[in-house]
Number of protein chains: 2
Amino acid sequence: MLETERHAIIMRMVAELGTVRIQDLREETGSSESTIRRDLIELEKQRKLKRIHGGASKLQGKLSESPMTEKSSKNLQEKQEIAQLAASLVDENDTIYLDAGSTIYEMIRHLPPSVTVVTNGISHTDALLDRGCKTILTGGSAKPSTKALIGRGALASMNQYRFDKCFLGVNGLHPDYGLTTPDEEEASMKELAIRLSRDAFALVDPSKFQEVSFARFAELDEVTVLTTAAARESLEHYPHSMKWKVTDQ
Amino acid sequence: MLETERHAIIMRMVAELGTVRIQDLREETGSSESTIRRDLIELEKQRKLKRIHGGASKLQGKLSESPMTEKSSKNLQEKQEIAQLAASLVDENDTIYLDAGSTIYEMIRHLPPSVTVVTNGISHTDALLDRGCKTILTGGSAKPSTKALIGRGALASMNQYRFDKCFLGVNGLHPDYGLTTPDEEEASMKELAIRLSRDAFALVDPSKFQEVSFARFAELDEVTVLTTAAARESLEHYPHSMKWKVTDQ
DNA sequence: TGTTTTTGAATATTATTGATTGATATCTGA
DNA sequence: TCAGATATCAATCAATAATATTCAAAAACA
């Protein structure tokens, strides 16, 4: 069994189960415990997972996987629905900001080609250009794990523009803690995007409800939250001042 | 079995399976292990696949390089030699600027991982991050054909930095018309890069000698020209004030 | 025919693996 | 809370597998 094959198996199991123990991986791959251990060390170094006593767990929030290798298909289905709703809010000739991240990525193929898009997601460029959109990247440091552009240069670069709308990914949506995301620098980008936009939208799939991540980037009433109809019942736990938009049925 | 046949088989299997082991390829082609090994080395050099311990896997950051139907392999060979020469001029911990373009791309895998790289070539990011370099993109509009970042935003973004060295692609090198390139906006980027760098280098394969393209971005003596030894005889047609560096023999 | 290129086998070098060890962390039941 | 039992971990080492290198035979070419 090749190293890459083992890594693929490990990542798949981690993605599916959330956490796995070394013994299970040993059986699944037919390799020895030492080898699995070494694999986990390697994968942790690549920021693909987190090692825990007895096994490994997936990184929460962080999309260590590329936009293509998606998690569960249910999750993907939800993301696509929300993304489609988000794209439907974009008007012809709008100038919009798109956050990095896989949920936002799903919006691209529903966008009108006439929009001008500013983004800090390097992975979005191919799809945006294919779609025919005018595509502008913020500058800045490329973050290896998510390929998001961040840092001083990215903020300065974004600050040159103003947007009709911005669309942001979110890792936690909590009544007390507001909108949060694991990376402080990405949080700064989101924060600035909101300030520079006439309207701000957060794409939140139901798994992010009641979750809290590290860095807060917005209060609950600063953005319009887009989510699935399935989450409708959860809405009562949040302040009435919030703005929501949910998908059909 | 012809070399091209084997290469076709290998590429097909890699494309279908994602990863293949050498033994399978050996059986499939009926060639010896050594031959397969040589094929894989060759295909890796052509950036068609990635060699891994025990076999080969397909490139993941691909998409970007495919439309670039590689010209003659002689041309590629020359580019690689020049790129290697260029990379050898980079010191540990340098901060450098890399132009967009395929010749410059070939430099990346020879760079010391300790360098900080600023670039306007979106296609370079994957390779730079794989290499472990600190990677900074200039912002700006993404040009669909070359995936270069250009325009006001790109210039403003680059202007935040200063470089030890910059490395530029060139389309024409002419005794009277200096260094030229087809796109005016890319020319502006090159021009500014030279101004912001302590040392500027142009990578010029021999087919560009005596050529003239649309937009001039530098005089002949503003940069050090890197080229192959094969071009040595052409050098006398150019002013003596120019600085050259040529590959070995 | 002589020359160059390609190939496959042999060998030396390097990387990966799995077992073993002692150390460290977690769990259990008082 | 503690101590003992158990499980997991990091480090090492020998065995194995994969790789690079070399060389001579075979094939392709002129």
Side-chain angles (χ1 to χ4, degrees), chain A residues 1-14 17-60, chain B residues 1-14 17-60 70 72-78 80-81 84 87-88 109-110 112-113 130-132 229-230 248-249:
Chain A
M1 161 114 23
L2 298 176
E3 188 184 23
T4 48
E5 294 177 311
R6 284 198 316 272
H7 285 195
I9 290 174
I10 294 172
M11 288 313 298
R12 185 172 50 72
M13 290 187 70
V14 166
L17 304 172
T19 68
V20 280
R21 55 197 61 242
I22 289 192
Q23 292 315 318
D24 297 341
L25 292 171
R26 198 182 54 69
E27 278 181 32
E28 194 68 22
T29 62
S31 310
S32 74
E33 191 181 305
S34 303
T35 300
I36 298 297
R37 231 170 257 292
R38 276 184 276 250
D39 286 339
L40 294 184
I41 291 172
E42 173 62 24
L43 288 168
E44 184 176 49
K45 209 167 69 183
Q46 292 176 25
R47 299 159 173 268
K48 297 253 182 75
L49 51 74
K50 183 162 168 246
R51 226 144 59 92
I52 57 180
H53 195 86
S57 78
K58 71 172 161 191
L59 303 173
Q60 2 133 276
Chain B
M1 161 126 8
L2 264 45
E3 187 183 18
T4 49
E5 288 182 80
R6 285 198 316 273
H7 284 196
I9 291 175
I10 294 172
M11 288 313 298
R12 186 173 50 72
M13 289 187 71
V14 166
L17 303 171
T19 69
V20 280
R21 57 203 74 221
I22 287 195
Q23 293 315 317
D24 296 342
L25 292 171
R26 197 180 55 69
E27 279 180 31
E28 195 68 22
T29 61
S31 311
S32 75
E33 191 181 304
S34 305
T35 301
I36 299 296
R37 239 170 249 294
R38 276 184 275 251
D39 287 339
L40 294 184
I41 291 171
E42 174 61 24
L43 288 168
E44 183 177 50
K45 210 163 73 177
Q46 293 176 22
R47 318 209 63 86
K48 297 250 183 72
L49 52 74
K50 182 160 172 250
R51 226 144 57 91
I52 58 181
H53 197 89
S57 77
K58 70 172 159 194
L59 300 175
Q60 68 230 79
E70 280 304 344
S72 72
S73 69
K74 170 161 180 283
N75 212 318
L76 178 58
Q77 172 82 16
E78 281 174 341
Q80 287 177 339
E81 282 174 25
Q84 192 158 7
S88 74
R109 56 178 164 154
H110 302 295
D130 277 353
R131 189 100 189 109
D248 297 336
Q249 25 102 25

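What you are looking at is a predicted structure, and each value in this text was computed from that prediction instead of being measured. So that the names make sense, note that chain A is the first sequence line, chain B the second, and so on, each numbered from 1.
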Criterion side chain to side chain donor-acceptor pair (under 3.5 Å) on Gln84(B) and Gln80(B), from CA distance to verdict: CA-CA 6 Å; Gln84(B) 192 158 7; Gln80(B) 287 177 339; over 6 Å; no
Trace of the side chain to side chain donor-acceptor pair (under 3.5 Å) decision for Glu27(B) with Gln23(B): CA-CA 6 Å; Glu27(B) 279 180 31; Gln23(B) 293 315 317; over 6 Å; no
Length of the line joining Leu40(A):CG and dT8(D):P, which is rounded to integer Å: 13 Å
Nearest-angstrom distance from the residue atom CG of Asp24(A) to C1' of dT8(D): 15 Å
Spacing between Ile36(A) atom CD1 and dT8(D) atom P, to the nearest angstrom: 14 Å
Whole angstrom value for the distance that separates P of dA17(D) from CG of Leu2(A): 14 Å
d(NE2, His7(B); C1', dT7(C)) in whole Å: 13 Å
Between P of dT5(C) and CG of Asp39(B), the distance in whole Å: 17 Å
Minimum-distance pair of heavy atoms, taken over all atoms of Ser31(A) and Ile36(A): CB-CD1, 4.4 Å
Length of the CD-P vector between Glu5(A) and dA18(D), whole Å: 12 Å
Sugar-phosphate, base or nothing in reach of Arg6(A), heavy atoms under 4.0 Å: sugar-phosphate
Please list, pair by pair, any protein nitrogen or oxygen found under 3.5 Å from a nitrogen or oxygen in nucleotides 9-14 of chain D.
{"residue": "dC9(D)", "atom": "OP1", "partner": "Ile52(A)", "partner atom": "O", "Å": "3.2"}
{"residue": "dC9(D)", "atom": "OP1", "partner": "Gly54(A)", "partner atom": "N", "Å": "2.5"}
{"residue": "dC9(D)", "atom": "OP2", "partner": "Arg37(A)", "partner atom": "NH1", "Å": "2.6"}
{"residue": "dC9(D)", "atom": "OP2", "partner": "Arg37(A)", "partner atom": "NH2", "Å": "3.2"}
{"residue": "dC9(D)", "atom": "O5'", "partner": "Arg37(A)", "partner atom": "NH1", "Å": "2.9"}
{"residue": "dA10(D)", "atom": "OP1", "partner": "Arg51(A)", "partner atom": "NH2", "Å": "3.0"}
{"residue": "dA10(D)", "atom": "OP2", "partner": "Arg51(A)", "partner atom": "NH1", "Å": "3.2"}

Separation of atom CD in Glu3(B) from atom C1' in dT7(C), rounded to whole Å: 11 Å
Pair listing, salt bridge (charged side-chain N to carboxylate O under 4.0 Å, His left out) test, anchored in residues 50-59 of chain B, at least two apart: Glu44(B)-Arg51(B)
Over 12 foreign heavy atoms within 6.0 Å of CZ, Arg21(A): no
Side-chain ion pair, Arg38(A) and Glu42(A), N-O less than 4.0 Å: no
